[in-house]
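So that the names make sense, note that chain A is the first sequence line, chain B the second, and so on, each numbered from 1.
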Amino acid sequence: MKSPEEALAEFYDACAHAPVPDLPSHKREPLLRRLLVPSLGLATGLVIALALIVGTPMPDRAEGREAAEAMTRLQLANSAPKPAARPRASVGGNLNA
Amino acid sequence: MESTSPSLIATAMQERTQHEIEVLIADLRPWLYRLALAIVARPDVAEDVTQETLLRAARSVSKLRRADDPKAWLRRVLVNRAVTALGQRRNARLEETHPATGDETASIAVRATLEKLQPTERAMLALWHFEGLSYEEMAQILEIPIGTVGSRLTTAREAFRKEWLK
């Protein structure tokens, strides 16, 4: 049996001469893109932000109409003349009476 | 281990022409991959660690430019990635046993022994025996005091010896 030192030395020697696998194109291209376009992160962020803005679902028409009607009712209710305030009942009566 | 000179790496990173980047990747990948292999001892994991290191370099081109020694910077990133990858694999490995058989090659036996060591111990052994770094360089990479490197290296060697002789 080999000594631990011999075994380790042999292993590291094998690593030093190990064949290096080719970088597959699906890994190589993103890497090149990242290296060549360092600002890709910002650009990607902008694209995602735009996609989120454009892709935000709008309320459908029925919902929008209902909301508008509700808003109108609320505005009308707020703008309706308020009943005249009732005169406060005199608590202590007329002190001058 | 000989590889691309630090100045060539720095120049390539600064100019970032496609040709130079191609050269850089072609030139650095073997060194990074073999160092990763020496630490993680698995080709598939070594390949992932190498790729992650190059991607990290791509994301941190400005840091790489400022680095006094870009190669040392890359080495530190790779070692950290390798140690992290080994840590993540430790739990999964419990079910992935490699029973020792009489016809195993020495390389497989060494790999099985290394797998019983702590990730940082494996990194230390590789940095010392494979990369031939000094205590100071190892201390910088592992972010430990220089005085601690010697004792940890001894511990790593002893751990390997103990497991190997089992």
Side-chain angles (χ1 to χ4, degrees), chain A residues 1-68 70-71, chain B residues 1 12-13 16-18 20-22 24-26 29-41 43-44 46-48 50-52 54-62 64-65 105-111 113-114 125-126 128-132 156-165:
Chain A
M1 188 178 184
K2 287 177 183 161
S3 71
E5 292 78 17
E6 283 173 338
L8 260 187
E10 196 174 280
F11 172 74
Y12 288 137
D13 188 55
C15 289
H17 299 96
V20 180
D22 289 336
L23 192 59
S25 60
H26 71 275
K27 286 187 176 179
R28 183 174 170 274
E29 284 164 16
L31 178 61
L32 273 178
R33 208 162 47 238
R34 295 298 294 264
L35 284 165
L36 292 168
V37 188
S39 60
L40 188 66
L42 177 62
T44 307
L46 286 173
V47 168
I48 291 170
L50 275 173
L52 284 173
I53 292 166
V54 171
T56 302
M58 299 297 287
D60 66 31
R61 288 185 177 192
E63 280 178 3
R65 191 167 55 247
E66 280 174 15
M71 185 64 75
Chain B
M1 174 175 282
M13 283 297 173
R16 295 197 304 277
T17 63
Q18 180 152 0
E20 281 175 325
I21 295 296
E22 296 261 11
L24 184 71
I25 290 174
R29 272 191 79 246
W31 165 59
L32 290 170
Y33 172 79
R34 286 170 178 147
L35 173 57
L37 189 61
I39 300 171
V40 301
D44 54 340
E47 205 176 334
D48 286 346
T50 304
Q51 178 76 356
E52 286 169 12
L54 287 169
L55 280 172
R56 171 79 196 279
R59 283 195 290 267
S60 311
V61 167
S62 57
L64 196 52
R65 276 189 212 167
T105 64
S107 183
I108 293 172
V110 171
R111 191 173 86 183
T113 307
L114 284 173
L125 289 174
W128 179 256
H129 292 287
F130 180 79
E131 276 288 271
R157 281 199 197 117
E158 284 303 314
F160 183 85
R161 173 189 289 274
K162 190 178 159 191
E163 293 294 336
W164 180 257
L165 296 175

K.L.:
Please report the interatomic distance CZ(Arg161(B)) to CG(Leu8(A)), rounded to the nearest 0.5 Å.
P.N.:
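Arg161(B) atom CZ to Leu8(A) atom CG measures 10.5 Å (nearest 0.5 Å).
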
K.L.:
So how far is it from Glu47(B) CD to Asp22(A) CG, rounded to the nearest 0.5 Å?
P.N.:
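Those atoms lie 9.0 Å apart.
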
K.L.:
Where do Phe130(B) and Ala16(A) come nearest, in terms of heavy atoms and distance?
P.N.:
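Where Phe130(B) meets Ala16(A) most closely, the heavy atoms are CE1-N, 3.6 Å.
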
K.L.:
Determine the minimum heavy-atom distance between Cys15(A) and Ala38(B), stating which atoms define it.
P.N.:
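Heavy atoms only, the tightest pair is SG-CA, 3.7 Å.
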
K.L.:
How about Arg34(B) and His17(A): do any of their side-chain heavy atoms sit closer than 4.5 Å?
P.N.:
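No, side chains not in contact.
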
K.L.:
For a 4.5 angstrom cut-off between non-hydrogen side-chain atoms, does Phe11(A) reach Leu114(B)?
P.N.:
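In short, these two side chains touch, coming nearer than 4.5 Å.
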
K.L.:
I need the minimum non-hydrogen distance between Pro19(A) and Tyr33(B), along with the two atoms involved.
P.N.:
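Scanning both residues completely, I find the closest heavy atoms to be O-CE2, 3.6 Å.
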
K.L.:
At a 4.5 Å cut-off on heavy atoms, which part of Ala14(A) comes close to chain B: side chain, backbone, both, or neither?
P.N.:
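When you check distances to chain B, no heavy atom of Ala14(A) falls under 4.5 Å.
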
K.L.:
Can you say whether Ala41(B) sits under 4.5 Å from chain A via the side chain, the backbone, both, or neither, judging by heavy atoms?
P.N.:
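Looking at Ala41(B), backbone and side chain both touch chain A.
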
K.L.:
Is Ala46(B) close to chain A through its backbone or its side chain, or both, or neither, when contacts mean heavy atoms under 4.5 Å?
P.N.:
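No part of Ala46(B) comes within 4.5 Å of chain A.
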
K.L.:
Under 4.5 Å between any side-chain heavy atoms of Val110(B) and Tyr12(A), yes or no?
P.N.:
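Side-chain contact under 4.5 Å: no.
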
K.L.:
Under a 3.5 Å distance rule, please check whether Arg157(B) uses its side chain to pair with a backbone N or O of Glu5(A) as donor and acceptor.
P.N.:
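A pair under 3.5 Å: no.
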
